[in-house]
Structures are given as C-alpha cells and as structure tokens.
Protein chains: 2
Amino acid sequence: MTGAHREREESLDVIQRELTAFARRARATAARLHPDLPLVSYTLLAHIDYRQGCRATDLAAHYMLDKSTVSRQVAALEKLGLVERHPDPNDHRIQVLHPTASGTQALASTQASRRAAYRERLGSWTADDLAQFADYLLRYNSTGGGANNSTGDGTNAS
Amino acid sequence: MTGAHREREESLDVIQRELTAFARRARATAARLHPDLPLVSYTLLAHIDYRQGCRATDLAAHYMLDKSTVSRQVAALEKLGLVERHPDPNDHRIQVLHPTASGTQALASTQASRRAAYRERLGSWTADDLAQFADYLLRYNSTGGGANNSTGDGTNAS
DNA sequence: GCAATTAGATGTATTGTACAACGAGTGTGA
DNA sequence: TCACACTCGTTGTACAATACATCTAATTGC
C-alpha cells in the first residue's frame, strides 16, 4: 500500500500548491471583476446579503478577520450607502447589518460580471463536475476552517 | 433541461462563494502556519524552489503580481539569506533565482507543518477524492488563470 | 548604431490587516 | 445593588502587500 500512500501525498501537495496559487491570484482577479467596489468590502457585502442580516462579529469569524478590520470595512460600506446598521432591540451592543437597496443593486451588477467570468471559465465543465467540485470545496472549507472552528463560526455549511 | 441549467448555476454560485471564502481566509491561515517567514514571501520561495531557478518575471506572471511587488519580496528573501540571485550569463538583464541552503531548509520545515495541517484537514478524504479534487483545482487554475494566460505564464500545469 | 522591448529597481500612495486599548452594554452573583 | 467578567464594536497605531509610474540597464531588430 506504499503506492497509495505516495499518491495521497502527491495529491495533497498539488492541492496545497494550487489552492495557494489561487489565493494569491484572487486579489488581482477580484480587482478585475469589480474595479469600482472597494474590493474587499465586496466580499463582506456579499456575505451580509447572503445571510440576510448579520453582525460584524459573524463576518469576522467567517472570514477570519479581526474585529477592527471588519469594523472599518463596514464603516466604509455604510459611508458608500451600501449597508445599513439596525441596532438590535434586545441587545444594545449589537448592530444588525443589512444591504441597502443600492447595496443589493451594486451587488447584483457585480455578481453578474462575476457569474459571467465563472461561466466562461467553467463553461466546458460538465454539470456533474461542477457539482462535485462545489461539493469538495464545501467539504474543504467546512473542516478545519482554521484554528477557530470552535468559535461557532461554522457559517460555511449552508 | 431547465433543471439542469439551474443546477449548474447553483454549483457555480457555491464554487464562487467557497473559493472566495477560502481566499479571504488564506492570509490568516498562512500566518498561523508559518509565523516566522515573511508570510507572502513564503509562497514565492516555494515557487522558486518548485521550479528550480526562475526569474522574478515568472513569479509575477504566475501569481499575477506587479514586477515591483516581486522585486521587493525577492529583495526581502535575499536579505534573509533564503534566495540567491545568479545573473544569467546569456542575458545580462536576467537574474535567475535559487533557494539557498538555508532557504531550502526553512522551506522544508515550513512545508512540514503545512503538510501536517493539510493532512489533518483532509485526513478523512479518500485517495480518490483527493486525486479528484487536485485534478479539479489544476483544471480550474489552468484555465483563465486571469487575463494574462497569454503571457506564457501557464506554469500551473505541473 | 538607434528605436523598441524587456528585466528589474525605486519613489510614492493606497489598502488591508492586526494588535492594543478603550467605551458601552449585558449578565451574574454576593 | 454594586462589582466583576464578558461581549460587541470603535479608534489609535503600525506594518505588510500591493499597484502605478518612472527610471536604468541590457537586449533585440532593423
């Protein structure tokens, strides 16, 4: 079974290498896809939209960012009129974040170009492969996620 | 066939979302895996090592970075004694980059902890799934890669 | 030889990020 | 009811990574 073991290791190396390459390219790619939106904030906005209403802390946990980073990004998004903060009546410390109408719209138009890029890039893939790939990514992201799996982050699993 | 189309779109969305989440978490993860190494430089060093000897331009193309960024990163790596620059005798503009002994060693120890993390994270996957996932990632990265597929980058495909 | 090109370096500005300290709100227990 | 611990978010500060523009040196094509 030494061969099988060896193959595992090789696969792991490839995965590691390719994921790294992807991560490093991601910024450039994102910049190309939506030069308008403050670039990082887009991701946060997307997540806020995805889970209709969430707290800054949730964002920080999900993306493994510091509270301060999120705080500033959210402030930027608010300044741009893309998100609103609604104080939680039950707990006055909490601000629930929602996309504004213009936020939703900005997101939609960006999403369109993003989708187009992905569709072009993955156009030749079969539906099965896409589903399988999506599944792998979900599985990958849902495990480990990092150190703070215990923080109750785990927002990845839809 | 409307259903199938719908499923495709859903897979695309998941892929997009999960890849984004991964990319955003990558920095934090990397910081955890090797707090010592200047963090980004690690990636460059790994690539330099992977392709025994390459130019700064290759790195820039592969990771979609600006020449200036790479130039500084490489300078940092050299300062740390992790890479050496050998002027190409044929073309005097070119500097071929090589890991030094200590660079190789630093990489090895880092690689070890990285491998361990991946092995733990993906430990429950079957060899087939790993191979398949690796294959998908290779396929994904080899297409589009970005705008500059034509730059002769294409170093992704092993 | 001279223009166009390429490799790399440097000046400058910006963005994303973390860490630390803080302020305000909430809950608990004596 | 007050003190302590905890949580959420903000602000001060510093730094890392990055891009863009510009520059020099080397190369190639004519």
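Values in this document were obtained by computation on a predicted structure and should not be read as measured data. Below, each value reflects all heavy atoms present in this structure, side chains not excepted, and no hydrogens, waters or symmetry copies.
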Side chains of A:R24 and B:L65 in contact at under 4.5 Å (non-hydrogen atoms): yes

Between [N] atom [atom2] and [X] atom [atom1], what is the distance in whole Å?
X     : N      : atom1 : atom2 : value
B:Q95 : D:dT27 : CD    : P     : 12 Å
A:L97 : D:dC8  : CG    : C1'   : 12 Å
A:L59 : C:dT17 : CG    : C1'   : 15 Å
B:D91 : D:dT24 : CG    : C1'   : 15 Å
A:L65 : C:dC19 : CG    : C1'   : 14 Å
B:R25 : C:dT17 : CZ    : C1'   : 17 Å
B:R85 : C:dG8  : CZ    : C1'   : 9 Å
B:R32 : C:dA18 : CZ    : P     : 13 Å

Any donor-acceptor pair under 3.5 Å from A:R55 side chain to A:L97 backbone: no

Closest-nucleotide ordering on DNA chain D, the 5'-leading residue of A:A28 and A:V70: A:V70

Do [X] and [N] have a side chain to base donor-acceptor pair shorter than 3.5 Å?
X     : N      : answer
A:R93 : C:dT26 : no
B:S68 : D:dC20 : yes
A:R72 : D:dG12 : yes

Output yes when at least one side-chain N/O atom of [X] is less than 4.0 Å from OP1 or OP2 of [N], else no.
X     : N      : result
B:S71 : C:dA9  : yes
B:T69 : D:dA19 : yes
A:R24 : D:dT18 : yes
B:R27 : C:dG16 : no

Distance (rounded to the nearest 0.5 Å) between A:T43 OG1 and B:R17 CZ: 13.0 Å

Nearest-0.5 Å distance, CG of residue B:L44 to NE2 of residue B:H62: 10.0 Å

Tell me what [X] touches on the nucleic acid: a base, only sugar-phosphate, or nothing, going by heavy atoms under 4.0 Å.
X     : value
B:D66 : base
A:T57 : sugar-phosphate
A:N90 : sugar-phosphate

Among C:dT17, D:dG9, D:dT27, the nucleotide that comes nearest once only the side chain of B:H92 is considered: D:dT27

Proximity to the side chain of B:Q73 - top-ranked nucleotide from C:dA7, D:dT18, C:dG16: D:dT18

Salt-bridge criterion met for B:D129 and A:R139 (N-O under 4.0 Å): yes

A:D88/A:R93 salt bridge by N-O under 4.0 Å criterion: no

